[in-house]
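Encoded as structure tokens, the structure appears first; notes follow it.
In what follows, chains carry the letters A, B, and so on, assigned in the order in which the sequence lines appear, proteins first and then strands, with residues in each chain numbered from 1.
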There are 2 protein chains.
Amino acid sequence: MGVTLKQLAASLGLSPTTVSRALNGFPEVNAATRERVRAAATKANYHPNTRAKSLATGRAQAIGHVIPVSTSHEIVNPIFADFIAGAGEVYSRAGYEMILRVVADADEASAYSDLIARGAVDGVMVHGPLVHDPRVEMLAGLDIPFLLHGRTSNVTAPYSWLDINNHRSFHRATQFLIDFGHRRIALVNGLEEMDFACRRRKGYLEALSGAGIEPDPFLMRQAEMTEPYGYRAAQEMMQLPDPPTAFLASSMIVAYGLRRGLSDLGLKLGRDVSVVTHDDELSYLPNDGDVPMFTATQSSVREAGRRAAKMLLQLVTDPECGPLTELMETSLVLGASTGPASR
Amino acid sequence: MGVTLKQLAASLGLSPTTVSRALNGFPEVNAATRERVRAAATKANYHPNTRAKSLATGRAQAIGHVIPVSTSHEIVNPIFADFIAGAGEVYSRAGYEMILRVVADADEASAYSDLIARGAVDGVMVHGPLVHDPRVEMLAGLDIPFLLHGRTSNVTAPYSWLDINNHRSFHRATQFLIDFGHRRIALVNGLEEMDFACRRRKGYLEALSGAGIEPDPFLMRQAEMTEPYGYRAAQEMMQLPDPPTAFLASSMIVAYGLRRGLSDLGLKLGRDVSVVTHDDELSYLPNDGDVPMFTATQSSVREAGRRAAKMLLQLVTDPECGPLTELMETSLVLGASTGPASR
DNA sequence: GCCGCTATCCAAAGCGGTTTGGGGATACGA
DNA sequence: TCGTATCCCCAAACCGCTTTGGATAGCGGC
């Protein structure tokens, strides 16, 4: 399907060389000829074969994304969709293809090396980094640009990443609740083997200790971020002898669960109990309006995808431009879910 | 990066031909030689270059997915993530790559034809088909296998698709509510230019008319399926002079919104008001447990992704195997959100 | 008329694989 | 001893594009 460069050249009575140069904007071709070639190309709906082109140039014009699916619970992190949508926009505009691999997390390392060894991609995006993540060192030894969405904590050598300031976000959120008089503040976190969750916890703990509040293990949870997880956390923690007066949630989904759990107990958000959540600004769970439903540390994961893609493309075009890093700050927006500690 | 076939052959004192045949399991090569080649290949971490291979064979070994992003509201449909996770599994196992394009819906047609003209893919998956969808006819003229996740209604020529029985699902769900004595049943649907939403509406209307119930335009809504949309629908419809006693929602996200809207009005699901929703079984919004929260027509979109991918691969390997179609039935599971019409 | 330049174009050699069409041993039968 | 079938292996062409290294022609200057 589709005409080839050779056919196009033959139909024009020109050599493939000239046609190639005409279309790629090289100077050594007559302006009139170039126009003639261009017209014929669009008329014949000519598009250069990607595989041939990249074989000849040595550039794949593609970026690889490997999205891990935890074998244990088979959860697909809902933020991937928005992140990828953001990144995809940038790739399309730059003429890059996005190639996606969905793999069980055990096979992730091999998925990367396979992709690279086959020359299928010019760079890779690393999703969902763990606190101790072997992938970074593996990729560092593979001589290909890569960028983490997030960071990892056990790697000393510099690498490129884009992250949000999880530590500061949760420190601020916790401090905000403390300022409102809360002292029993629960943390309903994601799995703390994930780097982002670990940093959030640290921010939370630091704010508590800054206020002289002893952390209570009964008020800290970690799990995959589903709605029922939030529900159970609310229900169970509120039955403690000394229940929390405020909750800190790691995602909107969890916050919805909290809200349901609390409202089933007859408690009203912002009056009886406070909730602050992180909000990735997923398009189908908007937290806006005149007064947002939740007080939230918010940062668009879609925008993160866009920026990360731009950074990675920069690394691809100029591998020497050094490790690129960006720390996005979140904004703490006030919603209806928080209020002063009652009692 | 990575050794080439030629280098590997040279290091073994063999010709590229023999090495290629040894690795690809052709019979005309000595068993001992084959083993020697295999060992050397794994030792050198040899992986054939994808672009070269597919250029030589003429097969791209890749499937294209074009995911549209509505320019108006910039919503990324959350079911994409799970569908793609399911499809991705199948592709990896079959040695196919998944290439993804995220485009504004206006550019969608050109995204497909570009992908195909460049020879980047062997087949394409069509997402989110509309009632009147120009893409199907376009693709039919392009001589490449394609498969719709869903169906479209204005195309007479046969084509391949995998869909759930939206009509029957919503007919059953509506009938179920009618059997419980409900007569004021609201439909909180997705955008009805989408084929799935249109079929759901038809199923709903048919069940109503079968019971001699006149549909009420005030009880029917359509919009992009966000949580606040569900919330507003509940709040506003319950203020009607003759409010609904039951709701039919097109997604879990919308159902969550309904639930919040109703509970803010002091109404309890299953007792004061009934809600039935469609449930795509997204991993982070599980609707299971001893008694699921929502009565739901359910069908795993992840499984749909797996099956669709298998069908498409079948079409790719044997283009003559004719249009393939599969209609998945949903199961109606009873949850805590429904009860007999009060009063 | 010859030289050197510039402006245009082209032939051919890759890129890294697969595949066609042999070709040299070795073994076997006559 | 020769022919021939079988087993292994290889040289070379090809996939569709880019790119190197000329080649040709036109033109002004001496």
Side-chain angles (χ1 to χ4, degrees), chain A residues 1-38 40-41 44-62 95 97 114-122, chain B residues 1-38 40-41 44-62 95 97 114-122:
Chain A
M1 186 76 276
V3 285
T4 70
L5 182 76
K6 205 180 293 183
Q7 293 168 352
L8 187 65
S11 81
L12 282 163
L14 289 170
S15 78
T17 310
T18 306
V19 175
S20 170
R21 303 200 127 149
L23 294 174
N24 290 321
F26 282 73
E28 57 269 76
V29 49
N30 190 312
T33 314
R34 186 190 305 273
E35 260 328 297
R36 205 159 61 89
V37 172
R38 280 212 180 118
N45 191 34
Y46 169 76
H47 289 273
N49 184 298
T50 327
R51 309 186 301 255
K53 181 165 190 159
S54 68
L55 184 58
T57 57
R59 278 165 284 121
Q61 294 282 102
E97 222 66 83
D114 183 84
L115 222 42
I116 294 164
R118 306 190 110 89
V121 296
D122 296 322
Chain B
M1 189 72 280
V3 286
T4 70
L5 182 75
K6 207 178 292 183
Q7 294 167 348
L8 187 63
S11 81
L12 282 164
L14 288 170
S15 77
T17 311
T18 306
V19 175
S20 171
R21 304 198 128 152
L23 294 174
N24 290 321
F26 281 73
E28 56 271 75
V29 47
N30 190 311
T33 314
R34 186 190 305 275
E35 260 328 297
R36 204 159 61 92
V37 171
R38 281 213 179 116
N45 191 32
Y46 169 76
H47 290 272
N49 184 298
T50 325
R51 310 184 301 254
K53 181 165 190 158
S54 68
L55 182 58
T57 58
R59 278 165 285 120
Q61 294 282 102
E97 223 65 83
D114 182 85
L115 221 42
I116 294 165
R118 304 190 110 90
V121 296
D122 296 322

Expressed in angstrom and rounded to an integer, what is the separation of [X] atom [atom1] from [N] atom [atom2]?
| X | N | atom1 | atom2 | answer |
| --- | --- | --- | --- | --- |
| B:His47 | C:dG16 | NE2 | P | 16 Å |
| B:Leu55 | C:dT19 | CG | P | 12 Å |
| B:Arg36 | D:dC8 | CZ | P | 14 Å |
| A:Arg51 | D:dC14 | CZ | P | 19 Å |
| B:Arg59 | C:dT18 | CZ | C1' | 10 Å |
| B:Glu28 | C:dG21 | CD | P | 14 Å |
| B:Lys6 | C:dA13 | NZ | C1' | 11 Å |
| B:Leu5 | C:dC15 | CG | P | 13 Å |

Donor-acceptor pair, distance only, cut-off 3.5 Å: does the side chain of B:Asn24 make one with the backbone of B:Phe26?
no

Looking at B:Asp122, is its backbone amide N or carbonyl O close enough to the side chain of B:Arg59 to form a donor-acceptor pair, meaning the two atoms are under 3.5 Å apart?
no

Looking at D:dC9, C:dT8, D:dC15, which one has an atom nearest to any side-chain atom of A:Asn30?
C:dT8

Among C:dG17, D:dT18, C:dT8, which is the nearest nucleotide to the side chain of B:Asn49?
C:dG17

For B:Arg21, report the nucleic acid contact type (base, sugar-phosphate, nothing); a contact means any heavy atom under 4.0 Å.
base

So, does [X] get its side chain near the phosphate of [N], meaning an N or O under 4.0 Å from OP1 or OP2?
| X | N | result |
| --- | --- | --- |
| B:Ser15 | D:dC10 | yes |
| B:Thr57 | C:dT19 | no |
| A:Asn24 | D:dT18 | yes |
| A:Tyr46 | D:dC17 | yes |
| A:Ser20 | D:dC17 | no |
| A:Ser54 | C:dC15 | no |
| A:Lys53 | D:dT18 | yes |
| A:Thr18 | C:dC9 | no |

Given that B:Thr17 and B:Pro27 both sit by DNA chain D, which one's nearest nucleotide is further toward the 5' end?
B:Pro27

Determine whether B:Leu23 and B:Tyr46 make a side-chain contact, defined as any pair of heavy atoms from C-beta on separated by less than 4.5 Å.
yes

Nearest 0.5 angstrom please: B:Ser54 OG to A:Leu55 CG, how far?
8.5 Å

Pick out which of A:Leu8, A:Val29, A:Thr33 makes a side-chain contact (heavy atoms from CB on, under 4.5 Å) with A:Leu14.
A:Thr33

